[in-house]
> 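This structure is in structure tokens; I'll ask about it shortly.
Note: hydrogens, waters and symmetry copies are ignored here, and every other heavy atom, side chains too, is used. From a predicted model like this one, the values you see are computed outputs, not experimental measurements. If you read the sequence from its start, that first residue is 1, and numbering goes on from there.
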Amino acid sequence: MQKDLLALAQLRQEARDVLDAGIEARCREGEDPWDFLPELPTVDQCVVIGLRTAHVEHRDPSDPRLSNFEILRSIAFDYPELRRAAWSLVTRR
């Protein structure tokens with residue numbers, strides 16, 4: 001369990017770094033943060049997106065394809081700390 005929390009902390013830090021770099025780049029291009037910050041995903045949503053992407057990229061081709069909902073549900077159960085973020089992505093467009 002402690003290992004999982006350390007891995008989650010690392011995933012969150014990596015997501016925060018990516019978000020910060022994107023925010024800085026957009027600000028340097030002259031965009032107003034008040035315009036784009038509300039549209040950005042949260043750090044936890046970024047972690048869930050990364051976990052979902054990793055699942056899709058590393059799935060066994062012989063396994064049946066899971067729907068987006070099933071993948072996010074699996075992440076929500078595997079990482080209880082990310083449950084709210086995973087469920088928020090189910091309905092996000």
Side-chain angles (χ1 to χ4, degrees):
M1 182 61 119
Q2 182 72 351
K3 183 179 178 183
D4 291 340
L5 291 176
L6 290 175
L8 181 56
Q10 183 177 358
L11 291 172
R12 282 176 166 156
Q13 184 58 53
E14 290 170 3
R16 175 83 262 163
D17 292 344
V18 169
L19 277 172
D20 287 346
I23 291 167
E24 182 178 349
R26 290 178 78 165
C27 288
R28 287 180 185 260
E29 291 173 358
E31 289 188 61
D32 184 353
W34 286 101
D35 292 336
F36 69 82
L37 282 177
E39 301 168 1
L40 294 179
T42 66
V43 170
D44 280 355
Q45 286 173 332
C46 287
V47 172
V48 171
I49 291 166
L51 290 170
R52 184 199 172 284
T53 300
H55 172 84
V56 170
E57 290 175 351
H58 296 103
R59 74 174 188 83
D60 184 349
S62 64
D63 286 344
R65 294 184 83 103
L66 296 177
S67 70
N68 187 55
F69 174 81
E70 291 169 322
I71 295 169
L72 292 173
R73 182 180 65 183
S74 172
I75 292 168
F77 287 118
D78 291 344
Y79 297 88
E81 300 87 353
L82 299 174
R83 191 166 289 152
R84 181 172 295 193
W87 291 130
S88 72
L89 292 172
V90 168
T91 58
R92 186 173 180 163
R93 291 179 188 230

> Among residues at least two apart in sequence or on other chains, which ones pass side-chain contact (heavy atoms from CB on, under 4.5 Å) with D32?
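With sequence neighbours excluded, D32 shows a side-chain contact (heavy atoms from CB on, under 4.5 Å) to W34, D35, given in chain and number order.
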
> Looking at residues at least two apart in the chain, or sitting in another chain, which of them share a side chain to side chain donor-acceptor pair (under 3.5 Å) with R16?
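In terms of side chain to side chain donor-acceptor pair (under 3.5 Å), with neighbours along the sequence ignored, R16 is linked to D20.
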
> What's the shortest heavy-atom distance between V47 and A15, and which atoms?
CG2-CB, 3.8 Å

> Show me the pairs that pass salt bridge (Lys or Arg N to Asp or Glu O under 4.0 Å) and involve residues 67-76, at least two apart or across chains.
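Not a single pair qualifies under salt bridge (Lys or Arg N to Asp or Glu O under 4.0 Å).
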
> Could you report the tightest heavy-atom contact between Q45 and S88, atom names first, then the distance?
NE2-OG, 2.7 Å

> What residues, two or more places apart in sequence or in another chain, satisfy side chain to side chain donor-acceptor pair (under 3.5 Å) together with R52?
N68

> Kindly write out the residues that satisfy side-chain contact (heavy atoms from CB on, under 4.5 Å) with S74, not counting sequence neighbours, or none if the list is empty.
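Only D78 meet the side-chain contact (heavy atoms from CB on, under 4.5 Å) criterion with S74.
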
> With rounding to the nearest 0.5 angstrom, report the CG to SG distance, L82 to C46.
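Here the interatomic distance stands at 11.5 Å.
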
> Should we say atom CZ of R59 is surrounded by more than 12 heavy atoms from elsewhere, each under 6.0 Å from it?
yes

> What heavy-atom pair brings P38 and P33 nearest, and what distance separates the two atoms?
CD-O, 4.2 Å

> Could you list the cluster mates of V18? Members are the ILVMFWY residues connected by side-chain heavy atoms closer than 4.5 Å, either directly or through other members.
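Members alongside V18: none; it stands by itself.
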
> Of all residues at least two apart in sequence or in a different chain, which pass the salt bridge (Lys or Arg N to Asp or Glu O under 4.0 Å) check with E31?
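By the salt bridge (Lys or Arg N to Asp or Glu O under 4.0 Å) rule, E31 matches R26.
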
> My understanding is that only one of L11, V56, L8, I71 makes a side chain to side chain contact (heavy atoms under 4.5 Å, CB included) with L51; could you say which?
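Filter result, single survivor: L11.
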
> Are I49 and L72 co-members of a hydrophobic cluster defined by side-chain heavy atoms under 4.5 Å apart?
yes

> Which residues pass the salt bridge (Lys or Arg N to Asp or Glu O under 4.0 Å) test with E24, not counting sequence neighbours?
R28

> Shortest non-hydrogen contact from V48 to I75?
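In this case the closest contact between V48 and I75 is O-CD1, 3.8 Å.
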
> Any ring-ring contact (aromatic ring centres under 6.0 Å, His included) pairs touching residues 54-79, not counting sequence neighbours?
F69-W87

> Could you work out, with side chain to side chain donor-acceptor pair (under 3.5 Å) as the rule, every residue matching R12, not counting sequence neighbours?
D44

